[in-house]
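Below is one structure, written out as structure tokens; comments come after it.
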Amino acid sequence: MGRILCIANQKGGVGKTTTAISLSAGLARAGGVTLLIDLDPQCNATSGIGLEPTQHHPLVSGQPIQENVLETYISGLKILPGCRCFADIEAMNRSDAQKMIRMTQQLTQELCGYDYVIIDCPPSLGQMTKTALAWSNEIIMPIQCEYFAMEGLVQMIEVIREIMEQRQGMLQFGGIVLTMYDPTLELTHEVDKEVRDFFGEIVFKTVIPRDVAICEAPSYGKSILDYAPRSRGARAYTELCMEVLDRV
């Protein structure tokens, strides 16, 4: 099986879904057979790649994943679309340990043909995020360069540490990426320094700048790499993708 990367943060609006879409697009363009799994009930990863959410989530219904995977406009990138069905979301949140084991076994068997699997999580510390962490072997955490970034980061780290202990080394910290980076603001540099001083090399060298093109891309159903390939945001996500490829 290839690398399964969980993109997670309990806070919303930190660039989590944008990072999931951009990394998926970049890894596929680098030649990797890639699957993007949309676990966020908002389904922004699905719409952001130009597709519609599904009526019922295959991970809840127990249907074979490959029967529900959709092709995207990017060669080498497929997506397991998200679902806004409240009943399905509740069912996943209520899933007991045995059902989680069966679901994990299903995923392990069906995802073996992919080089990269990117999971876009909901902005919470709930069962869906914990389940995604249990499926994954790496976690990438986007954090916004703002005042409350460290507070949310500490809470998320506690959940990650809990899953790491349960899985005994099978989940690794892939990295922290600083998003919405504005070098003209003193606060940005303060958050940057504080995070790097505390976490060291876990933090990616690449930072994702504030860029209007990043905000516009989802409304066109495209990744930033395709919507505005010469933009600052596209260059940054390309560099981030290269760092992810180097961290093997």
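- Shown here for M180 and V14, the closest heavy-atom pair between the two residues is CE-C, 3.8 Å.
- Sorted by first and then second residue, the pairs that involve residues 233-248 and meet salt bridge (charged side-chain N to carboxylate O under 4.0 Å, His left out), not counting sequence neighbours, are E243-R247.
- Inter-residue side-chain proximity for P209 and D182 is flagged as unmet; no heavy-atom pair is nearer than 4.5 Å.
- In terms of heavy atoms, A234 sits closest to P229 at CB-O, 3.5 Å.
- In terms of heavy atoms, I214 sits closest to G233 at CD1-CA, 3.7 Å.
- Linking Ile, Leu, Val, Met, Phe, Trp and Tyr residues whenever their side-chain heavy atoms come within less than 4.5 Å places I176 and M156 in a single cluster.
- Remark: the T46 side chain and the D38 side chain contain an N/O donor-acceptor pair separated by less than 3.5 Å.
- I157 and V203 fall within a single hydrophobic cluster, where Ile, Leu, Val, Met, Phe, Trp and Tyr are joined by side-chain heavy atoms under 4.5 Å apart, directly or via other members.
- Checked against side chain to side chain contact (heavy atoms under 4.5 Å, CB included), E138 has the following partners two or more places apart in sequence or in another chain: R3, L5.
- The shortest heavy-atom contact between A28 and I74 is CB-CG2, 4.1 Å.
- A salt bridge links R210 with E146: the closest approach of a Lys/Arg side-chain nitrogen to an acidic carboxylate oxygen falls below 4.0 angstrom.
- Among residue pairs with one or both ends in residues 175-225, those qualifying as ring-ring contact (aromatic ring centres under 6.0 Å, His included) are Y220-Y227; sequence neighbours excluded.
- Using a 4.5 Å heavy-atom cutoff, the side chains of V177 and T206 are not in contact.
- No side-chain heavy atom of C145 sits under 4.5 Å from any side-chain heavy atom of T179.
- A heavy-atom distance below 4.5 Å is found between the side chains of I143 and L178.
- Contact of the D40 side chain with the K16 side chain is registered, since non-hydrogen atoms from C-beta on lie closer than 4.5 Å.
- With T34 contributing its side chain and G32 its backbone, the two residues share a donor-acceptor pair below 3.5 Å.
- Smallest separation of non-hydrogen atoms from S124 and T129: O-OG1, 2.9 Å.
- Side chain of S231 to main chain of A228: a donor-acceptor pair is present (N/O by atom type, distance under 3.5 Å, no hydrogens or angles).
- Between P142 and A8, the shortest heavy-atom contact is CD-O, 3.7 Å.
- In summary, the side chains of Y237 and T18 do not present any donor paired with an acceptor at a separation below 3.5 Å, with no hydrogens or angles considered.
- Between the side chains of N44 and T17, not a single donor N or O lies within less than 3.5 Å of an accepting N or O.
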